[in-house]
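Have a look at the structure below before the remarks.
Keep in mind that the numbers below use all heavy atoms, side chains included, and drop hydrogens, waters and symmetry copies.
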Amino acid sequence: MSRESAGRQEVQEVSGSSGWLGLSPLLVFITLYLVTSIIAGDFYKVPITVAFMISSIYAVAVSKNFTLTHRIESFSRGAGTRNMMLMLWIFVLAGAFANAAKVMGSIDATVNLTLSFLPGNMLLAGLFAAACFISLSVGTSVGTIVALVPVAAALAESTGASIPLVTATVVGGSFFGDNLSFISDTTVVATNTQGCRMDDKFKVNSFIVIPAALVILIIYLILGADINTPTDIPEVEYLNVIPYIVVLVCALCGMNVMVVLTLGLLFTGIIGIANGSYGLFEWFDAMGKGIVGMGELIIITMLAGGLLEIVRENGGIDFIIKKMTRRIRGKRGAEMSIGLLVAIVDVCTANNTVAIMTVGPIAKQIGDRYGVDNRKCASILDTFSCAVQGMLPYGAQILIAAGLAQLNPVEIIPTLYYPIAIALAALLSILLRYPKRYS
């Protein structure tokens, strides 16, 4: 049996009652955290770790088709998947590097160097453009965030700009390349599942998102007009800038993000000890405190992974797919269903690459049946998944950005203009049938 046939049969076997029950842990989390916090008017009233813990206990409790041992093993398997463990390693290294760089004065030196060249009123637009360029070069939003957010947050403190806004600027720009880059996981998976070439998908995708990026760049120029560069910029300690230059250059060369962070960490030790910023044991202490500072994010990531695995195993994702594909009418309806499917599955998995892999074969069937151009279909999958991933408070990108900027993840979301813009652009491309050649 083919993969597509197996997936279709599995979807058809999910009943309504079991489907809603399978999806209910995620609904419990959304109600407990987002709805309750909105009613209270304070997102600190319900810690996100507690919301995930209660939702996870509920998820294990309602999985009645399996033994308790199996449920716990499933939860643990989801918490410890390859992708989850990779993110945990990145959190550990990012926390260690960010704090070691901060203690040795690397962040301050980089901020002073940036302010020497970049006027305050160009800060937001400059950071957005830098994030777009780096992410397009490296093909990863996480690598871009790790490289830019610590400096961006420090720049916000120096200029009096809003730290959540500046952090969101980098996060938004990081999804420009995640969506468009030829070496992005999402591009590779989207084009493979739809059977089209990367350069063709890039052309279609560019028509959709580049206008949105230009609009957001103009918005950042307007929002940043009142940001002033400090008049008393301290003298730049160029030696302390080297760790960040190493990180940025290595990232632009396409090196693995963990290798990039390890090299940056090594340079903080060599330079910091050599110039007397700290001793060997102080370096160890700075790294240790940085790792501990990422503890909450590590816990959230593991709880989210376990919860979402229970949702998947109990048929929650298949149930949504079944519901969404039942009443498709015409080409617009097919494209809209594909976009909504990948968006909902991304909410359920918190991983845009996994969401595209899950929905991709079904999207291919829908596209072939209703005459959707496979290049347009790949662009819809990639753009909607990146838009949703860029706004998830429990997604890896926002979690790591919040940790590096020392913010609550939800503080960043209201100013995530670029993910909202590409979601609207993708929606308009369906409703207005553009680009015409591919619609």
Indicate yes or no for a side-chain donor-acceptor contact from [X] to the backbone of [Y] under 3.5 Å, with no hydrogens or angles considered.
{"X": "Lys331", "Y": "Gly371", "value": "yes"}
{"X": "Ser184", "Y": "Ser181", "value": "no"}
{"X": "Asn99", "Y": "Ala286", "value": "yes"}
{"X": "Thr31", "Y": "Val28", "value": "no"}
{"X": "Gln389", "Y": "Ala350", "value": "yes"}
{"X": "Gln194", "Y": "Gly360", "value": "yes"}
{"X": "Ser106", "Y": "Asn240", "value": "yes"}
{"X": "Arg332", "Y": "Leu431", "value": "yes"}
{"X": "Thr114", "Y": "Thr110", "value": "yes"}
{"X": "Thr187", "Y": "Met198", "value": "no"}

Tell me whether [X] at atom [atom1] has more than 12 heavy atoms from other residues, nucleotides or ligands lying less than 6.0 Å away.
{"X": "Tyr434", "atom1": "OH", "value": "yes"}
{"X": "Phe267", "atom1": "CZ", "value": "no"}
{"X": "Tyr370", "atom1": "OH", "value": "yes"}
{"X": "Arg433", "atom1": "CZ", "value": "yes"}

Tell me yes or no: between the side chains of [X] and [Y], is some donor less than 3.5 Å from an acceptor?
{"X": "Asp178", "Y": "Ser141", "answer": "yes"}
{"X": "Thr186", "Y": "Asp382", "answer": "yes"}
{"X": "Asn179", "Y": "Asn205", "answer": "yes"}
{"X": "Asn275", "Y": "Ser277", "answer": "yes"}
{"X": "Ser174", "Y": "Tyr418", "answer": "no"}

Output, in order, the C-alpha distance, side-chain angles, deciding distance and verdict of side chain to side chain contact (heavy atoms under 4.5 Å, CB included) for Ser206 and Leu180.
CA-CA 7 Å; Ser206 298; Leu180 280 180; 4.1 Å; yes
Tell me the closest heavy-atom pair linking [X] and [Y], and the distance in Å.
{"X": "Ala154", "Y": "Ile107", "answer": "CB-CG2, 3.3 Å"}
{"X": "Leu148", "Y": "Leu248", "answer": "CD2-CD2, 4.1 Å"}
{"X": "Phe384", "Y": "Ala426", "answer": "CE1-CB, 3.6 Å"}
{"X": "Pro393", "Y": "Leu399", "answer": "O-CD2, 3.5 Å"}

For Ile208 and Ile422, what are the C-alpha separation, side-chain angles and deciding distance, and is it a side chain to side chain contact (heavy atoms under 4.5 Å, CB included)?
CA-CA 8 Å; Ile208 297 172; Ile422 62 172; over 6 Å; no
Which word best sums up how the rings of Tyr33 and Phe29 line up, parallel for under 30°, tilted for 30 to 60°, or perpendicular for over 60°?
parallel
Looking at Glu309 and Arg312, is there a salt bridge between them, counting it only when a charged N and a carboxylate O are closer than 4.0 Å?
yes
Test side chain to side chain contact (heavy atoms under 4.5 Å, CB included) on Asn314 and Ile310; report intermediate values, then the result.
CA-CA 6 Å; Asn314 286 337; Ile310 293 286; 3.5 Å; yes
Please evaluate residues Leu221 and Met122 with respect to the criterion side chain to side chain contact (heavy atoms under 4.5 Å, CB included), reporting the C-alpha separation (whole Å), side-chain torsions for both, the decisive distance (0.1 Å), and the verdict.
CA-CA 6 Å; Leu221 284 170; Met122 291 290 293; 3.6 Å; yes
Is there a side-chain hydrogen bond (donor to acceptor under 3.5 Å, both in side chains) between Ser24 and Tyr58 once you walk through the steps?
CA-CA 9 Å; Ser24 62; Tyr58 169 82; 2.9 Å; yes
